[in-house]
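Here is how names work: the chains are called A, B, and so on, in the same order as the sequence lines, proteins then strands, and each is numbered from 1.
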Amino acid sequence: MKEAIRVKELTYSYPDGTPALEDIDITINEGEKIVIVGPNGAGKTTLFLHLNGTLKSQDNTVMIFGKNLGDMKVEERIKEVGIVFQDPDDQLFMPTIFDDVAFGPINMGLDEEEVKNRVKKALSRVGLEGFEDRVPHNLSYGQKKRAALAAVLSMEPRILILDEPTANLDPKSRADLIQVINDLNKDGITTVIAMHDVNALPLLSDRVYVLNRKIVGEGNPREIFSNSELLKMTHLEAPDVFKMFKVLTCFGYDCDTLPMSIDEAVEFLTRTIESGSGHIHLHLHEHTHEEVRKFLHSYNHH
Amino acid sequence: MKEAIRVKELTYSYPDGTPALEDIDITINEGEKIVIVGPNGAGKTTLFLHLNGTLKSQDNTVMIFGKNLGDMKVEERIKEVGIVFQDPDDQLFMPTIFDDVAFGPINMGLDEEEVKNRVKKALSRVGLEGFEDRVPHNLSYGQKKRAALAAVLSMEPRILILDEPTANLDPKSRADLIQVINDLNKDGITTVIAMHDVNALPLLSDRVYVLNRKIVGEGNPREIFSNSELLKMTHLEAPDVFKMFKVLTCFGYDCDTLPMSIDEAVEFLTRTIESGSGHIHLHLHEHTHEEVRKFLHSYNHH
Amino acid sequence: MDYPEIDKYASIDSPIHNFDPRAKIITFMVMIFSFVFLDTITKALVGLGIASLIYIIAKLPKAFVIHRLKVVFLFLFPLLIIMPLSVDGQAIAQYHSITITLEGFQYSFLVIIRALSAVTLALIMLGTTRFDITIKALYMLKVPGTLIQMLMFTYRYIFVIIDEFQRMWKAMESKGFKLKANRYGLSVLGNMIGMLIIKSYDRAQRVYHSMISKGYTGNPRTIVNFELRTKDYAIALSMILIALLMHTYHLVL
Amino acid sequence: MHISDGVLSPAVITAGWAITVLLLLATLWWGKKDVDIAEEIPKISVMTGAFFVASLIHVSIGPTSVHLVLNGLLGVVLGTLAYPAIFIGLVLQALLFQHGGITSIGINVINMGIPALIVYGIFKKGYSTGINPSILGIICGSMATMLSAIMLAIVLISTGEEFTEVAYAAAAANIPIMIIEGILTGSVVTFLLKVRPELLPINKEK
Ligand SMILES: Nc1ncnc2c1ncn2[C@@H]1O[C@H](COP(=O)(O)OP(=O)(O)OP(=O)(O)O)[C@@H](O)[C@H]1O
Ligand SMILES: Nc1ncnc2c1ncn2[C@@H]1O[C@H](COP(=O)(O)OP(=O)(O)OP(=O)(O)O)[C@@H](O)[C@H]1O
Ligand SMILES: [Mg+2]
Ligand SMILES: [Mg+2]
């Protein structure tokens, strides 16, 4: 498998002296689906700014597909890494949606025909066909978010980096966006996402990095969410489905792995029932309530 | 019970012609805990701007504690209704936290002693004791959110209106804020909240209004989330715990009311087990998977 | 605080709307510069007449133009009062030492008419093209790229910042604040403007990040498809000719 | 304080454009050597947007209300970049809101921009000699308005002696604005000093 991103011993302080990143080591393979979590101010956005060269790092601390990022030409870099920031208003800076989505491809030096093609493809990808002439200001928040994504997709990057893609969206727009991101990942694009939305996390990640200035944890979502010490330390919580099943185990549900999403829950329940006695027994035993209390307390930040 | 807010036949279009609200009827009693949901652009913020008189409405369309809002003096109005908007940076513009929290009381014409008292009380309420001299701009996002809330609490309003209080917060800050809001409600303050965060909704509401330019639904959270047609129409989803238990019913879990939060789930499970045969049986029957599929599909917006 | 809605009626169909944007800008600018330098009231009135005629052809709603002309007129109105009193010349009325002169009247009248025709022409030029297209046309006309980009981005962010300011303003009002021109009012307003500056500065930083992550190097590159047709040349030539004749007819005739 | 179309003589208009173009070249293209233009463009644009919006605020004094000018503040915050920022701002004000004429943009930019540049120098100088920044803000804010009013008067008079009294009246009408701008700029500077001092032209090395 090819290494898409490799960060080695990255340390960064802002010019005013604020330390933001310390000794970061990260390796992401091509096609992976990565989420980076961490409390407000943990350095997620700062890390992303290094991944596309906006903030400069020393030689060979950031490698993209085996190449030192600092040595890449702009046109080359933006073909490899596309980044979508949180606030869509910061990224839609041209007068029309067409201009915005065409901005990257034009800077890549593509010819007019190809630029138009790419714009069309990117817009249909996010479900905004026919929005070419619309002014960003008249779009709803969810539409703006999708337009900002299209403006990066049009460069057809192999790595897609998203900073809090689901924030401020209504549930449907959120579900739509998750779908789009997953489709892109299935097409082979490596996706790296920073977010606070733990309920969406399992849908968007195979592997998770927990950042709090340093990398303080790494693993698949299940491993991360089982580590209640880590969660507490980094202001995190487990997804509700996960917590729910943890509660069910206190009621006697017996399984070694807890599901993280509804779909997974259905699958696990079926498997447990089929492989076992044909049914699951939930009952109250002596310690049920104490266990529940203890468990919930371990997740409770108060 | 006293009526805290009464909106009658409120219709509003922005000066540029955008229709935002149509024939809104709402009655909220003192001490209630209300959430207003609806898709991006549904008019939630616009409605709130009417509730505190920023946008003017016709006589007797908005009544606060039985009084026509238009007839209330500013000092009187802000003593009744306090509103906290989404972005704390829009609300904190004094050089220190003290100045920000004191801003409302000073405009109310209170004397210095009383102002200081109120600031102290409001800050301790949101857990920001000792932050008086800090510059708001240097706080973390979660702290800023709480400071913005304190700046409204210092006016000691009887009705507290919050626009997307949980957006962009890390999970711990989110849990903290939910706690603060619930404590305020327990002290008798009527809380009215607009948000997209359906997983937090059951924690913050006794009753829900669904807005989509008109009021298209009203009821307790359970009623709202059981109406899958309504959810689909208004870009909503049910909380994960609710969906999870709906799935469990397909596996033979038998109960008439589905829990909306983890705490409730524990309670319901216990009750079902104790009142029944001492345990709950989950099993696969013929239709389990079809039912699950059908149910999940009814929630699926794609 | 209102959004700028100068191109609200850009989608109407009229000969002026269909006029090529580049040709439109050149033609109208020549006319505007010509009309503001007309030196007699008669000529200025002819200019205003021509501007009105073009306005009728452009089919723009009355309210759109009248409202904006009114603002300009009110701005210049003091001239009508001060100049007749202050400019020397033939007295048309006298009261003690106060003299009202014909020349003063004429001069202020001339200024106002020239201003009104220039604004009418500008409104037609801008009102019949989407503003982003006007900017792109300026780019095609070789206005330096740096300025074009600044115009474009500033135009875009005016809307974002108006929203931002509105939200701040509403938050203030809901805490009982009323702006008065006293120390307290101005110092609070000062804080608000300071906050607006800080937020905009941070936003500028983020906009810059997102631009360079799309390969931005400071050069403007846009795709524009304008096509000059015979019709456009014909309209442009005849209008420019009229503009020039207003100043030179006495040499030709 | 913007001059409309139709007021000025051809000579003044031409001179106005010529000087503005030269100053634009000087402030913008000159600095291109030291700074990355790709970074300056979004910065000037968004900041211009902010000042544009702030200048739409009405402050009512007595029966009338005035728009804010803020050119002193622009000078203090943006330095030499205030000139291109004021240019872009005034172009957009003329095109979008008909505040000020199109032909007179050159002159209007001079009237607003040169005081902004002067005030920038004063602020830097004053700060390094230890004058309280808030007071400097008040001085800069009102002085920029005053200089603009004086330049406006000079321009009007030089376009024709018919305008002499109009020029005096216009200058006098700016006195209350001068006071408002002074207090306002002072309080913005005070605020920035507390919250984000790096936005002010004060080098702490000194
Ligand atoms: N331009 C800047 N100058 C100085 N300090 C900065 C700057 N930008 C961010 N910081 C600081 O660097 C740290 C990391 O910030 P960053 O924005 O990367 O966090 P984050 O993980 O993205 O947080 P959030 O979840 O709130 O978006 C914070 O302490 C922040 O205050
Ligand atoms: N100042 C304004 N002028 C014109 N239209 C506006 C203005 N503010 C909001 N709107 C429009 O009014 C409608 C309702 O907007 P509102 O902000 O109340 O929605 P909301 O429910 O708060 O949405 P969100 O969940 O995205 O915050 C939207 O169509 C919006 O575009
Ligand atoms: Mg971030
Ligand atoms: Mg809203």
Side-chain angles (χ1 to χ4, degrees), chain A residues 14 45-46 48-49 51-55 73-79 81-116 119 132-138 144 148 151-152 154-155 157 161 163, chain C residues 2-8 10-11 21 129-139 145 148-167 199-226:
Chain A
Y14 278 98
T45 304
T46 310
F48 284 180
L49 291 174
L51 295 184
N52 83 332
T54 305
L55 292 177
K73 272 194 297 217
V74 179
E75 294 81 17
E76 198 182 353
R77 192 192 69 213
I78 61 181
K79 251 192 281 185
V81 187
I83 175 160
V84 185
F85 295 98
Q86 185 187 336
D87 185 347
D89 277 324
D90 294 342
Q91 295 156 83
L92 304 172
F93 40 76
M94 298 292 278
T96 68
I97 296 296
F98 177 89
D99 294 325
D100 265 313
V101 182
F103 189 85
I106 291 174
N107 283 325
M108 290 163 80
L110 300 178
D111 66 41
E112 214 179 298
E113 207 45 46
E114 175 66 9
V115 169
K116 284 188 181 156
V119 172
E132 281 85 351
D133 275 347
R134 294 283 291 274
V135 181
H137 187 252
N138 290 343
K144 277 194 219 170
V152 164
S154 61
M155 298 185 281
I161 297 183
D163 205 352
Chain C
D2 298 327
Y3 294 133
E5 292 186 316
I6 191 76
D7 56 359
K8 197 173 175 184
S11 54
T129 319
R130 273 199 355 236
F131 196 71
D132 58 289
I133 299 201
T134 301
I135 298 177
K136 282 175 194 160
L138 286 172
Y139 170 60
I148 292 297
Q149 295 179 78
M150 291 195 306
L151 268 181
M152 225 178 216
F153 300 145
T154 306
Y155 178 64
R156 161 75 179 113
Y157 284 103
I158 284 171
F159 292 90
V160 175
I161 297 168
I162 286 182
D163 283 349
E164 203 159 49
F165 187 80
Q166 300 274 27
R167 288 197 299 270
K199 288 178 79 161
S200 301
Y201 188 85
D202 290 342
R203 186 185 291 283
Q205 204 64 33
R206 296 194 304 267
V207 171
Y208 168 63
H209 288 158
S210 88
M211 281 181 180
I212 58 169
S213 72
K214 287 174 192 158
Y216 179 69
T217 51
N219 297 317
R221 297 183 199 159
T222 23
I223 293 181
V224 222
N225 294 322
F226 295 147

- Check each atom of A:T54 against the heavy atoms of chain C and say whether the ones under 4.5 Å are side chain, backbone, both or neither. both
- Honestly, the part of A:E75 sitting under 4.5 Å from a heavy atom of chain C is neither
- Out of A:V152, A:V115, A:I78, A:L55, which one racks up the most heavy-atom pairs below 4.5 Å with chain C? A:I78
- Task: Might you point out which heavy atoms bring C:G215 and A:V74 nearest each other, and give the distance in Å?
- Result: CA-CG1, 3.3 Å
- Message: Using heavy-atom distances under 4.5 Å, tell me whether C:Y3 contacts chain A through its side chain, its backbone, both, or neither.
- Response: side chain
- Output for pair (A:D99 CG, C:M152 CE), nearest 0.5 Å, gives 6.0 Å
- Task: Please list, chain by chain and in numerical order, all residues satisfying side chain to side chain contact (heavy atoms under 4.5 Å, CB included) with A:N107, sequence neighbours excluded.
- Result: A:F103, C:Y216, C:R221
- By a 4.5 Å heavy-atom criterion (distance strictly below it), what part of A:K116 contacts chain C: side chain, backbone, both, or neither? side chain
- Message: Return the CG to OG distance between A:L51 and C:S213, rounded to the nearest 0.5 Å.
- Response: 12.0 Å
- Note on the structure: Residues C:Y157 and A:F93: closest non-hydrogen pair is OH-CB, 3.5 Å
- Query: Heavy-atom distance under 4.5 Å to chain C: side chain of A:F85, backbone, both or neither?
  - Reply: side chain
- Item | C:F159, part contacting chain A, at a heavy-atom distance under 4.5 Å | both
- Query: Any donor and acceptor pair, going by atom type alone, linking the side chain of C:K214 with main-chain N or O of A:M155 inside 3.5 Å?
  - Reply: no
- Message: The criterion is side chain to side chain contact (heavy atoms under 4.5 Å, CB included); which residues satisfy it with C:R167, sequence neighbours excluded?
- Response: B:D90, C:D163, C:E164
- Message: Between A:A102, A:P136, A:G53, who has the most heavy-atom pairs with chain C when the cutoff is under 4.5 Å?
- Response: A:P136
- Query: Of A:T45, A:N52, A:L49, which is the lone residue that meets side-chain contact (heavy atoms from CB on, under 4.5 Å) with C:H209?
  - Reply: A:L49
- Query: Among C:R206, C:K199, C:R156, which one satisfies salt bridge (Lys or Arg N to Asp or Glu O under 4.0 Å) with A:D89?
  - Reply: C:R156
- Given C:R130 and A:D133, is the side chain to side chain contact (heavy atoms under 4.5 Å, CB included) satisfied, shown in steps? CA-CA 10 Å; C:R130 273 199 355 236; A:D133 275 347; 3.9 Å; yes
- Salt bridge flag under 4.0 Å for residues C:R203 and A:D87: yes
- Message: How long is the straight-line distance from NE2 of A:H137 back to CD1 of C:I158, given to the nearest 0.5 Å?
- Response: 11.0 Å
